[in-house]
K.L.:
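Let me give you the structure first, and then I'll get to my questions.
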There are 2 protein chains.
Amino acid sequence: MIVRQAAHVLELLEYFANRRRPATLSEVAQDLGWPRSSTFNLLGTLAERGYLYEPRAREGFYPTPRLFLLAREISEAEPLPEAVTTLLRDLVEETGETAGIAAASGTEVVFIEVCESPRPIRYFARVGLRMPIHITSCGRAILSQMGAAERATILRKVGFERHGPATPMSVAEVEAEIRRSVERGWFQNLAEFSQDLCGVSLPLPLGGRQLALVVAGPLNRMQERIPALAARMRRGLDLALAA
Amino acid sequence: MIVRQAAHVLELLEYFANRRRPATLSEVAQDLGWPRSSTFNLLGTLAERGYLYEPRAREGFYPTPRLFLLAREISEAEPLPEAVTTLLRDLVEETGETAGIAAASGTEVVFIEVCESPRPIRYFARVGLRMPIHITSCGRAILSQMGAAERATILRKVGFERHGPATPMSVAEVEAEIRRSVERGWFQNLAEFSQDLCGVSLPLPLGGRQLALVVAGPLNRMQERIPALAARMRRGLDLALAA
DNA sequence: CTTGTTTGTCCACACCGATGAACAAGGGCG
DNA sequence: CGCCCTTGTTCATCGGTGTGGACAAACAAG
């Protein structure tokens, strides 16, 4: 069950992030399609907690820096090593494709860091983007780091849906692909999840966290280069982890 | 009316900011005193939107950097000039008291920037802290920047409650104090709101925003120094605004 | 293995809170 | 100044949602 008002808080914050200037009650209500009375209550709640203020009289609300301080404290607890973010930038520059770090979230994976390709045709990803854990290269790279029991627990919960001709449709197929990938030395995904999308991943254990490094782009640009790309990622990762 | 689940989102984020490490469903439910089922729904909602992930299997959830990126975008829209934050630090160093920037939020004021005094006995304030607009020095410094009509609108809504012998109890008294302060050249508050608390403020119009610079501390340390302090603040502010 | 305990998930109902509608307050314009 | 349209605020009602409780799964201990 999704908690509507919780989602509305996020929606409101995203709204302000796009807007980048104060909004009156009516503007928020109109733009987000909420009843004025509900908007009134929600803005009131956030204001009462010190998360909204009125920069100028009659120009409406805007978030205080309180959220930023909060988020910074949260993020500083377990930052990614600089060597890793540097590696992402290097990979993007050398390969021209999008690179990122992913982690598990239930039966899905989330990007917790992304460095985007500069090319017009590219894999468009953002921090927070989610995708199924069992049909993505990074998802399987994360699964490979878990014990058999926990992996089974997760895989039992995934809904096997067909996204294309290559999509594996059972736990056994996924387990087999993981085994193959471990032997091969890298994880890959050839349009299992999304047409034309190809990803190459490596497991990235970091302070106990089960993460994955992934480079992804259009199938036609990626396919030929996969082994070389994987080797490059391996080298970069070993260097970064040694640092 | 306060929107419970919206408040819960904030509570949860503050919880993670304090905790600085992942929390399982049960831990959250216990620590925040929520039913497990409700906690389940709330965590699920935030996870689904890409705001939570699981760093390690079976160790529970932690916020992704997505919130941080969001908050940064929001905060970068209208940053305080560096000259202002520098001024705060200088004032704290020279006076030993807490300094901050406040703005309006309905019938209250919120701190949007704070630099705390290092002394053991001090005014304890944080970004997001709120207090009544009509019985604080910074509140009146903000009110003084508004037109008579808007000021009247706000003052009509405040509930005049007695917080001490010096608390003004009517719109007229507040208006009179504002007039006196404008002539005097600074705004002050001698224990009107909180016993022992003394604040000195100056209006700070900044890119159309109606803000206030405030220095506050215990009455006995402040009282003697008010004129000198106000003069120092005036000088600093003029320099900062010129930059 | 079996058992007991903890943790996570599901569901139906009661109740609380979101909302539509009515009202009040602004403020723009002639 | 007075009209009208917009914006903000209040409130009673009904529908949606939070929650208790039952269940299932995972783990720890024996």
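In what follows, chains carry the letters A, B, and so on, assigned in the order in which the sequence lines appear, proteins first and then strands, with residues in each chain numbered from 1.
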K.L.:
Rounded to whole Å, please give me the gap between CE in Met146(A) and C1' in dA26(D).
P.N.:
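Rounded to whole Å, this separation is 15 Å.
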K.L.:
Tell me: CG of Leu32(B) to C1' of dG18(D), nearest whole Å?
P.N.:
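Value for this atom pair: 16 Å.
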K.L.:
Measure the distance from CG on Leu25(B) to C1' on dT19(D) and round it to the nearest whole Å.
P.N.:
14 Å
K.L.:
Atom CE of Met1(B) and atom P of dT19(C): how far apart are they, to the nearest Å?
P.N.:
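Distance, rounded to whole Å: 11 Å.
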K.L.:
Grab the CZ-C1' distance between Phe61(A) and dG8(D) for me, whole Å please.
P.N.:
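My rounded result for the distance is 10 Å.
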K.L.:
Report yes if a side-chain nitrogen or oxygen of Ser37(A) is closer than 4.0 Å to either non-bridging phosphate oxygen (OP1 or OP2) of dG8(D); otherwise report no.
P.N.:
no
K.L.:
With a 4.0 Å cutoff (strictly under), does any side-chain N or O of Lys157(A) reach OP1 or OP2 of dA25(D)?
P.N.:
no
K.L.:
Picking from dA26(D), dT10(D), dT19(C), which would you name as closest to the side chain of Phe40(A)?
P.N.:
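Selected nucleotide: dT10(D).
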K.L.:
Do Tyr62(B) and Phe16(B) have their ring centres less than 6.0 Å from each other?
P.N.:
yes
K.L.:
Using whole Å, report how far CH2 of Trp34(B) lies from P of dG8(C).
P.N.:
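Roughly 15 Å, once rounded to whole Å.
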K.L.:
In whole Å, what is the span from the CD1 atom of Ile2(B) to the P atom of dT10(D)?
P.N.:
15 Å
K.L.:
Applying salt bridge (Lys or Arg N to Asp or Glu O under 4.0 Å), can you list everything that pairs with Arg234(A), at least two apart in sequence or on another chain?
P.N.:
Asp238(A)
K.L.:
Round to the nearest Å and state the distance from Leu42(B) atom CG to dT9(C) atom C1'.
P.N.:
16 Å
K.L.:
Given that Pro35(B) and Gly60(A) both sit by DNA chain D, which one's nearest nucleotide is further toward the 5' end?
P.N.:
Gly60(A)
K.L.:
Does dA22(D) have OP1 or OP2 under 4.0 Å away from a side-chain N or O of Arg36(B)?
P.N.:
no
K.L.:
Side chain of Arg4(B): nearest nucleotide among dG20(D), dT19(C), dC16(C)?
P.N.:
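Ranking dG20(D), dT19(C), dC16(C) by closest atom to the Arg4(B) side chain puts dC16(C) first.
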K.L.:
For Val200(A), does its backbone N or O pair with a side-chain atom of Asn189(A) as donor and acceptor, under 3.5 Å?
P.N.:
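Not a single qualifying donor-acceptor pair exists.
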K.L.:
Between Asn41(B) and Ala152(B), just flag the one whose closest nucleotide in DNA chain C comes earlier from the 5' side.
P.N.:
Asn41(B)
K.L.:
Does Arg19(B) reach the main-chain N or O of Pro22(B) with its side chain, forming a donor-acceptor pair under 3.5 Å?
P.N.:
yes
K.L.:
Here's a test of your reading of the structure: between Ser38(A) and Glu27(B), which maps to the more 5' nucleotide of DNA chain C?
P.N.:
Glu27(B)
K.L.:
Considering just the side-chain nitrogens and oxygens of Gln5(A), establish if one lies under 4.0 Å of OP1 or OP2 belonging to dA18(C).
P.N.:
yes
K.L.:
Could you tell me if Arg140(B) sits above the aromatic ring of Phe187(B), with its cationic atom closer than 6.0 Å to the ring centre and no more than 45 degrees from the axis?
P.N.:
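The answer is no; the distance or angle limit is not met.
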